[in-house]
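Let me begin by presenting the structure, written as structure tokens, before commenting on it.
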Amino acid sequence: MNGLAAGGPIAMKDHDAIKLFVGQIPRNLEEGDLKPLFEEFGKIYELTVLKDRFTGMHKGCAFLTYCARDSALKAQSALHEQKTLPGMNRPIQVKPADSEGRGEDRKLFVGMLGKQQSEDDVRRLFEPFGQIEECTILRGPDGASKGCAFVKYGSHAEAQAAISSLHGSQTMPGASSSLVVKFADTDKERTLRRMHQMAGQLGIFNPMTIQFGAYGAYTQAIMQQQAALMAAAQGTCLNPMAAIAAAQMQQMAAFNVSGLVAAPMTPSSGTSTPPGISTAPVPSIATPIGVNGFSPLPPQTNGQPASETIYTNGIHPYPAQSPTVADPLQQAYAGMQHYAGPEGCNLFIYHLPQEFGDAELMQMFLPFGNVISAKVFVDRATNQSKCFGFVSFDNPTSAQAAIQAMNGFQIGMKRLKVQLKRPKDANRPY
DNA sequence: TTCGATT
């Protein structure tokens with residue numbers, strides 16, 4: 001019934017067909033241009049150039065599925081790293097897409113290779129232990145080897161055998177220590193690592209991003225989006241922070257989050273469970289519109305400078321539930337010398353990631369209200385974070401909302417501990 | 001691993 005269509009044959013793919021990832025293709029080549037190149041290895045079932053979801057920009061790579069598994073294998077061995085398309089300075093990549101096979105348990109990371117060692121050298125070293133499906137040396141933008149590689153075997157056992165025999169077995173010429181052979185990071189680990197790296201670079205940390213960092217596709221979307229925005233920001237002298245804020249807000253909007261800190265997050269207190277994306281409550285987070293853009297307006301009421309009103313912390317308090325977007329940074333700066341708010345407004349946060357600074361701490365808690373100070377404690381001698389800090393809000397409601405949402409919040413391997421700061425005289429017996 | 005900053 002559906003064998004043929006007027007426009008051409010409807011191809012069926014074999015059940016063991018492999019989806020290939022094709023990288024290093026010029027951005028001016030579309031599906032139609034690429035087709036001839038790949039057709040010589042067999043009938044193509046599907047060929048899709050990857051486009052940026054938001055900008056529609058050609059991403060320089062594609063997914064390719066042949067009808068027959070064999071065609072994919074042929075194309076891979078004939079093309080992968082074998083030729084360089086016009087205008088590219090690196091050879092084309094043709095290999096099973098990440099979505100294929102998962103394969104994490106048979107993929108090795110190889111470190112401490114000599115910078116001169118080629119893919120072939122590495123293959124020779126590893127082939128005694130099994131069928132090598134993939135071997136890639138990691139290279140910098142200039143094509144120079146980073147001294148490490150990924151090697152993927154057909155099975156976990158083969159990979160394990162290679163580890164047993166090769167790890168630490170020898171020191172390659174030019175390497176600073178002996179060969180490292182271990183299982184490659186899982187997707188989770190990799191994503192998490194990238195997050196941390198990115199967070200460090202951007203000086204930002206969005207709890208949602210961290211939270212879902214370990215949960216795959218969702219995060220990738222965010223990261224892509226942030227990256228795109230970063231790129232845009234660089235091109236137009238936008239403040240990158242503003243770009244990120246925009247990205248965050250879009251994400252939050254996607255969650256249909258209302259403007260207020262509201263919902264009880266996790267019913268249980270103490271160590272709350274890390275949200276699996278589908279099951280757990282999503283932290284409901286106020287949209288911190290003014291967060292990164294400094295509001296041009298000083299806090300004042302009807303033309304009366306707020307500073308006329310004296311509060312103990314020197315900060316003009318906003319109503320707890322005010323949808324008004326204050327400019328917390330400005331407030332924070334204004335209140336710098338008075339770091340603690342009233343009782344019930346100050347949080348003690350423990351198990352912070354080592355790389356968290358004041359800015360990240362503040363960033364993380366801004367969604368819950370007006371942060372009047374955020375301080376990560378650093379060891380004076382080493383300048384290293386002591387992994388704890390304080391956040392003060394201008395009202396107890398915000399503080400409670402923050403506790404609800406952030407206590408037990410998982411970041412990497414640790415869970416934040418977020419509780420009210422002990423009053424000064426708390427543990428005095430009398 | 002746990003509670004306010006070089007004045």
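Each chain gets a letter, A, B and so on, in the order its sequence line appears, and its residues count up from 1. Treat the numbers as computed from the prediction; the structure is a model and nothing was measured.
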Inset, instruction - Would you mind checking if A:Lys59 and A:Asp52 are paired as a salt bridge, meaning a charged N to carboxylate O distance below 4.0 Å? - result: no

Inset, instruction - Using heavy atoms to find the nearest nucleotide of DNA chain B for A:Val378 and A:Cys387 separately, return the residue whose nucleotide is more 5′. - result: A:Cys387

Legend entry - Any donor-acceptor N/O pair under 3.5 Å between B:dT1 base and A:His351 side chain: yes

Inset, instruction - Can you tell me the distance, in whole Å, between the NZ atom of A:Lys417 and the C1' atom of B:dT1? - result: 10 Å

Legend entry - A:Asp379 CG - B:dG4 P separation (whole Å): 15 Å

Inset, instruction - Decide whether a cation-pi geometry holds between A:Lys19 and A:Phe63; the criteria are a distance under 6.0 Å from NZ or CZ to the six-membered ring centre and an angle within 45° of the ring axis. - result: yes

Legend entry - Ring centroid separation A:Phe183 to A:Phe109 under 6.0 Å: no

Inset, instruction - Could you check how far CZ of A:Arg380 sits from C1' of B:dT6, rounded to whole Å? - result: 5 Å

Legend entry - Given B:dG4, B:dC3, B:dT1, the nucleotide with the shortest approach to the side chain of A:Gln419: B:dC3

Inset, instruction - Send over the distance from A:Lys386 NZ to B:dG4 P, rounded to a whole Å. - result: 10 Å

Legend entry - Atom pair distance, as rounded to whole Å: CG in A:Leu416 and P in B:dT2: 16 Å

Inset, instruction - Measure from the side-chain heavy atoms of A:Arg422 and tell me the nearest of B:dT1, B:dG4, B:dC3. - result: B:dC3

Inset, instruction - Return the value, rounded to whole Å, for the distance between atom CG of A:Leu352 and atom P of B:dG4. - result: 15 Å

Legend entry - A:Lys95 with A:Glu81: basic N within carboxylate O range, under 4.0 Å: no

Legend entry - Spacing of A:Phe377 atom CZ relative to B:dG4 atom C1', expressed in whole Å: 4 Å

Inset, instruction - Whole angstrom is fine here: how far is it from CZ in A:Phe348 over to P in B:dT1? - result: 13 Å

